[in-house]
Trainee: 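Just passing along the structure, written as structure tokens.
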2 protein chains.
Amino acid sequence: MRPIEAKAISAIRVLSADTVQKANSGHPGMPIGAAPTAYAIWSDMRHDPKDPAWFGRDRFVLSSGHASSLLYSLLHFYGYGITIEDMQNFRQFGSRTPGHPEFGHTVAVEATTGPLGQGFAMAVGMAMAEAHMAAIFNKEGFPVVDNYTYVLMGDGCMMEGVSYEAASLAGTQKLNKLIAVYDSNCITIEGSTDITFTENVAGRFTAMGWQVIDVENGEDTVSISLALEEARIETEKPSLIIVHTDIAHGTLKQGSAAAHGSPLGEDVIADMRKKLGWKNPPFDIPEDVYAHFEALSQRGVRVHNEYNAMFEAYKEAYPELAAKLAAWRNGDIPESLSSDEAMFAADAPKATRSCGGIVLNRLFAAMPNMFGGSADLAPSNNTELKGTPFFSPEQREGCNIHFGVRELAMACISNGIALYGGLRAFCATFFVFSDYIKPALRLSALMKLPVTYICTHDSIGVGEDGPTHQPIEQLAALRATPNVYVFRPADQKETAYSYLASLKLSAPSVMALSRQNLPQLADTSDKAMLGGYILRDPKGTADVILMASGSEVELIYKAADMLAVRGYTARLVSIPCMELFRSQSREYQESVLPSDIRARVSVEAGATQPWGAYVGLDGASVGLDHFGASAKASILFDKFGITAEAVAEAALTVIAANK
Amino acid sequence: MRPIEAKAISAIRVLSADTVQKANSGHPGMPIGAAPTAYAIWSDMRHDPKDPAWFGRDRFVLSSGHASSLLYSLLHFYGYGITIEDMQNFRQFGSRTPGHPEFGHTVAVEATTGPLGQGFAMAVGMAMAEAHMAAIFNKEGFPVVDNYTYVLMGDGCMMEGVSYEAASLAGTQKLNKLIAVYDSNCITIEGSTDITFTENVAGRFTAMGWQVIDVENGEDTVSISLALEEARIETEKPSLIIVHTDIAHGTLKQGSAAAHGSPLGEDVIADMRKKLGWKNPPFDIPEDVYAHFEALSQRGVRVHNEYNAMFEAYKEAYPELAAKLAAWRNGDIPESLSSDEAMFAADAPKATRSCGGIVLNRLFAAMPNMFGGSADLAPSNNTELKGTPFFSPEQREGCNIHFGVRELAMACISNGIALYGGLRAFCATFFVFSDYIKPALRLSALMKLPVTYICTHDSIGVGEDGPTHQPIEQLAALRATPNVYVFRPADQKETAYSYLASLKLSAPSVMALSRQNLPQLADTSDKAMLGGYILRDPKGTADVILMASGSEVELIYKAADMLAVRGYTARLVSIPCMELFRSQSREYQESVLPSDIRARVSVEAGATQPWGAYVGLDGASVGLDHFGASAKASILFDKFGITAEAVAEAALTVIAANK
């Protein structure tokens, strides 16, 4: 190693430690231990600090998000615009250097990380996106989509189930341009990893079809660089490079769990400075270090210039492909969609999962950049895209993905696909299993990624599979999650309009779709895109407002008929998306649900919690605050009182009480 | 194989197929393919159909819960009281044979399964419980706790991340009495497992420290039995037996994904009957088959009798241990607890996670059958039990568990521990990561297991770690889940009473505890056990009700002072557990929240959804319907308006509106 390289690595270490110390909060251990590894990766990486969004760049994901000071140090030194002042504001309100890296908030952060293992799985998604788009866009001599995806991960990532799920799929898919670097420092919060994690990680990844390269000494950047090169030339398998390091290497807290999540302390840092021969005070970096990183970043600028020249020639040679790539990257949504009659047409009762399958394929016809699939439930979720194969090592152009029975990895991979750029990611499972995907859906929401989560079998309508498969609380859980739009359409039209509305959002959408057949309703319309709207209104003021979503909209019609016989009138309101409804003007919301009509009844085959704010203290919610059971769906609705009769009865009660 | 054995296996196959066919719903493929495997396991298993709750029995978990007809067939043939009529009512409302096996609903079902992989992880928990209790209770010549745990799993279980997490821990813990049998039929719903699952399962488990035994022919019960024997005599490692089978073996749908989740059809079954030489009509089983199973079950009766004799001698030799075992199994809760002053005493401000740590250790002093730990966050969760080591191969008596960074497996294992009997399971992580444990917490709730989920760092009070680590929607999500009791105590007293209340529940509890210090409140009391109660009330009718939970209870006191300055009076209500509050009489609830006081303000540092039903259309909720940020906690509360000022302001608004 050249002296300036050693000095650059020391600079990363000292700056990371000082940053955590100044904030008096953070994780100094891994940044110090993994500094040589990160330095080696970034030295070889194709990236251009002057254009962080360059599509041809290699992707780097810090799966161990707690080591954020390491990433920020790199961004600082490489000239990404993270200043010393930003470093000094580490973890402070509004700073560009939050506790864990946040995509969309800090330049060049490729993914929000922190929940362990997810960064690794997102990297798998990025590598899948790269392979898919390369197959579509690259031409002989024009590798316009051609990058590696690097991910740096730690022991915690390795223990999380999602890392196994994602690694297994990556091996099957032979994602040879995925390079995972495992900072194996053998320390977690509770102590040595031996206490709970003794598996042979090399054996595990080998069994999953990966190339595994071991680097014994984490200080040896030459070996790390050679390993990276070996990984890059591999043509069949993803690579795992295991780098053996010490947490807080070279400090008095080396090898100690105490170095994981707390500042090292002034004296430990002073001692570290001494050992490194580091004279400069905190946040004062020698000029030759900056010069060295500037030289490194110039490599990226050169490669970028070459890429640009190649891309100009590509535009001339393949103008249509170049235009398509631009449109995909831009996220263009064809205007033709809203006039696509085939999306809305339906004359017979139909499950909304079937409606969704139709809509999805109409969207695909207009937006061939869709890329997604199901966690082994495509035939039930109705999510197979027609006329395109399944993505595989032999058919990289396939737009369908077999995710396997791996819901969480599926969702993380979808995030990775969305982060890569150019593609519209979707994924699918039974609604009850949205529980499994939730940790990643939360990251979709934090990152405001337009991933579509297709969740069919959305209530006790599941029937005989019983309570383990019947969602109850999932609507409430996801509606309570910020930035998530939960759609529960009632028929073909509402399904189509839900999808159309979702396309306009910079946020994830959940499509909660029925297993069972539902009637096509005359009154549903494009107003569904407002989130909530009046389906039918009596002359004069209604005696009661009946509101519902999805499969229960049918019931409020029947209940209204029953009430009519008793001489009462009802306004019927469909609320396919509470979040959209709440984003409308107060006037509009008031026009649908006037404050002075207190007799209100909601009905939804799920937990009543989300409806409390709509029915208030004077209304009533017909719903399910207990688990389901195994039986025919129709019997369950009947036995559990999700019926028009129950709605009518509740309406009579609230009408009387509000007289 | 003797002819009667072959016939018995055919009987399982035919009955399973007929059962699914009659219901016109279910999964016949695996029951048929795995029938010889299941037969071999059950032939050697230590169990007594006359006493399904016999503590000394081997445990059997069907992790592939969809193969429920296989389990029900076994329970029928072995004389567990599942009748032919029960089989004919498969998947019907109220039947004892629901779509997926349900613990507590059907005799001898050791765990509710269906969500794939969880059964396997619960089996790991059972094996840990066995090892732990064996270390505590067994004496030379008296192996009173001494059973194997068998789990039958399929390809889907293998793909789920939780199976890797649990397997990794089982390997580290050297759970040699755990025997997993993998029915490898290479078919999932979307087709051959090759499309998405090409890993070398043997290599994976070997890397995790398991013994792996391969059985090439799933029809060869002799080889399966030999493999089981090999697994039983292994003293160092858990065992995986890979049995290569065909889905729907021997039928026209053999090897087809179509056989997974739909009835085979009358003609396929007719053909199957022909090939098996099976003359009897559906649900009519030859007498010699019953006689054969009766003979098999007699083995269990004999072993049980031997066990009983041994246990009688144990009672004489070790009366105290025997009494302790009885008390543990009975779930006795010492009455002394509620008078344990040390649980309630606190004079200084303290984080409720610290309060929880004190309470947990006081409980442990009285209930040494506690067994649990954290997903690598014990120092932060304050969950380490003092005076007992960590459970390990060398120290099986340790009551603390290092779960590793494996939240979902931790929760499944806790379910397994609770299912085993005799122990009180608890587990811990950051509250935001309750998202990861949710799929298993849902099974705790379905099974009504008293597992305690300790979830610290329960709001933006997390501070600098930022939005990935700050729960927002988790309170709403868990409160919407049936059978789950979410406690969010405000101080030391409420923490203690929350734990005491949780001990009385046949249901899982979630303890949402603060990271940050909270004041000790004068008015908190044992009324916390009612779920919600009046802390302070003005003379006469209050102008407004202020309600809160946990860390925000402090704020309503301050807000009340501000309102007093303006001449308004407030009733202060603490709601540490909404579920308990709702379980009180309507009169009590009305006494705390009278219908005629419409001016109501709630405050909680989380999503407002759960409070809609409490504040109604005329009140207001101060909360967080967006994500947090990285900064000091105090700054976040201020910036996001979770303040006494905001509560007072909201109160003034609602007081004015309700005049």
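Lettering follows sequence order; numbering is per chain, from 1.
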Trainee: Quick one: what part of A/Leu441 sits under 4.5 Å from any heavy atom of chain B, side chain, backbone, both or neither?
Mentor: neither
Trainee: Go through B/Thr112, B/Val615, B/Asp618 and name the one with the most non-hydrogen pairs under 4.5 angstrom from chain A.
Mentor: B/Asp618
Trainee: With a 4.5 Å cut-off on heavy-atom pairs, point out which of A/Ala607, A/Ala480, A/Gly616, A/Gly373 contacts chain B the most.
Mentor: A/Ala480
Trainee: Is A/Glu473 paired with B/Arg442 through a side-chain N to carboxylate O contact shorter than 4.0 Å?
Mentor: yes
Trainee: Is it the backbone or the side chain of B/Gln474 that comes under 4.5 Å from a heavy atom of chain A, or both, or neither?
Mentor: side chain
Trainee: Salt-bridge test for B/Asp465 and A/Arg91: reply yes if a basic N is under 4.0 Å from a carboxylate O, no otherwise.
Mentor: yes
Trainee: Does any backbone or side-chain atom of B/Ala378 lie under 4.5 Å from a heavy atom of chain A? Answer side chain, backbone, both or neither.
Mentor: both
Trainee: Go through the atoms of A/Leu443 and report whether side chain, backbone, both or neither lie under 4.5 Å from a heavy atom of chain B.
Mentor: side chain
Trainee: When heavy-atom pairs shorter than 4.5 Å are enumerated against chain B, which of A/Ala477, A/Gly619, A/Gly26 gives the highest number?
Mentor: A/Ala477
Trainee: Do A/Tyr436 and B/Glu160 come within less than 4.5 Å of each other through their side chains, counting heavy atoms only?
Mentor: yes
Trainee: Counting only non-hydrogen atoms closer than 4.5 Å, does B/Asp194 touch chain A with its backbone (N, CA, C, O), its side chain (CB onward), both, or neither?
Mentor: backbone
Trainee: Report which part of B/Val432 has an atom under 4.5 Å of a heavy atom belonging to chain A: side chain, backbone, both, or neither.
Mentor: side chain
Trainee: Relative to chain A, which segment of B/His27 carries a heavy atom at a distance below 4.5 Å: side chain, backbone, both, or neither?
Mentor: side chain
Trainee: Given that the side chain runs from C-beta out, which part of B/Gln118 has a heavy atom under 4.5 Å from chain A: side chain, backbone, both or neither?
Mentor: side chain
Trainee: Any side-chain heavy-atom pair from B/Ser630 and A/His100 closer than 4.5 angstrom?
Mentor: no
Trainee: Taking C-beta and beyond as the side chain, do A/Lys438 and B/Lys438 meet within less than 4.5 Å on heavy atoms?
Mentor: no
Trainee: State, yes or no, whether a side-chain contact exists between B/Phe197 and A/Arg406 at a heavy-atom distance under 4.5 Å.
Mentor: yes
Trainee: Can you tell me how far apart CZ (A/Phe403) and OG1 (B/Thr196) are? Round to the nearest 0.5 Å.
Mentor: 9.0 Å
Trainee: So which heavy atom on B/Leu446 is nearest to which on A/Pro467, and how close?
Mentor: CD2-CB, 3.6 Å
Trainee: Give, as side chain, backbone, both or neither, the part of B/Ile189 having an atom under 4.5 angstrom from any heavy atom of chain A.
Mentor: both
Trainee: For B/Ala167, is it the side chain, the backbone, both or neither that has a heavy atom under 4.5 Å from a heavy atom of chain A?
Mentor: neither
Trainee: May I ask you to decide whether A/Asp625 forms a salt bridge with B/Arg479, counting only side-chain N to carboxylate O separations under 4.0 Å?
Mentor: no
Trainee: Quick check for you: among A/Gly466, A/Ser25, A/Gly203, which has the greatest number of heavy-atom pairs under 4.5 Å with chain B?
Mentor: A/Ser25
Trainee: Let me confirm one number: the OG1-NE2 distance from B/Thr468 to A/His66, rounded to the nearest 0.5 Å.
Mentor: 11.5 Å
Trainee: Specify which of B/Pro439, B/Ser621, B/Pro610 makes the most heavy-atom pairs with chain A at under 4.5 Å.
Mentor: B/Pro439
Trainee: So for A/Glu384, is it side chain, backbone, both, or neither that comes closer than 4.5 Å to the heavy atoms of chain B?
Mentor: neither
Trainee: What's the spacing between A/Thr481 OG1 and B/Asp435 CG if we round to 0.5 Å?
Mentor: 7.0 Å
Trainee: Taking every non-hydrogen pair under 4.5 Å, which of B/Pro98, B/Gly114, B/Ala631 racks up the most with chain A?
Mentor: B/Ala631
Trainee: Is B/Pro471 close to chain A through its backbone or its side chain, or both, or neither, when contacts mean heavy atoms under 4.5 Å?
Mentor: backbone
Trainee: Where on B/Ser374 is there a heavy atom nearer than 4.5 Å to chain A: the side chain, the backbone, both, or neither?
Mentor: both
Trainee: Name the option with the most non-hydrogen atom pairs under 4.5 Å to chain B; the candidates are A/Lys632, A/Glu199, A/Gln92, A/His626.
Mentor: A/Glu199
Trainee: Which bit of B/Phe433 comes within less than 4.5 Å of chain A, counting heavy atoms only: side chain, backbone, both or neither?
Mentor: side chain
Trainee: Quick check for you: among B/Ala207, B/Gly99, B/Ser163, which has the greatest number of heavy-atom pairs under 4.5 Å with chain A?
Mentor: B/Ala207
Trainee: Do you know which of A/Leu377, A/Leu624, A/Leu408 has the most heavy-atom pairs under 4.5 Å to chain B?
Mentor: A/Leu377
Trainee: Chain A: which of B/Thr172, B/Thr193, B/Leu116 shares the most heavy-atom pairs with it under 4.5 Å?
Mentor: B/Thr172
Trainee: Please examine the side chains of B/Thr198 and A/Met208, heavy atoms only from C-beta on, and report whether any two atoms are closer than 4.5 Å.
Mentor: no
Trainee: Out of curiosity, B/Ile195 CD1 to A/Phe390 CZ, how far, rounded to the nearest 0.5 Å?
Mentor: 7.0 Å
Trainee: Is B/Pro115 close to chain A through its backbone or its side chain, or both, or neither, when contacts mean heavy atoms under 4.5 Å?
Mentor: both
Trainee: Using heavy-atom distances under 4.5 Å, tell me whether B/Ile635 contacts chain A through its side chain, its backbone, both, or neither.
Mentor: side chain
Trainee: Name the option with the most non-hydrogen atom pairs under 4.5 Å to chain B; the candidates are A/Thr188, A/Leu169, A/Thr97.
Mentor: A/Thr188
Trainee: Is there a side-chain contact between A/Asp376 and B/Met159 (heavy atoms, below 4.5 Å)?
Mentor: no
Trainee: To the nearest 0.5 angstrom, please state how far the CD atom of B/Glu464 sits from the CZ atom of A/Phe93.
Mentor: 12.5 Å
Trainee: For each of B/Ser595, B/Ala445, B/Ala629, B/Ser95, tally heavy-atom pairs with chain A at distances under 4.5 Å, and name the one with the top tally.
Mentor: B/Ala445
Trainee: Check whether the side chains of A/Arg204 and B/Ser168 place a donor and an acceptor atom closer than 3.5 Å, and report yes or no.
Mentor: no
Trainee: Where on B/Tyr614 is there a heavy atom nearer than 4.5 Å to chain A: the side chain, the backbone, both, or neither?
Mentor: backbone
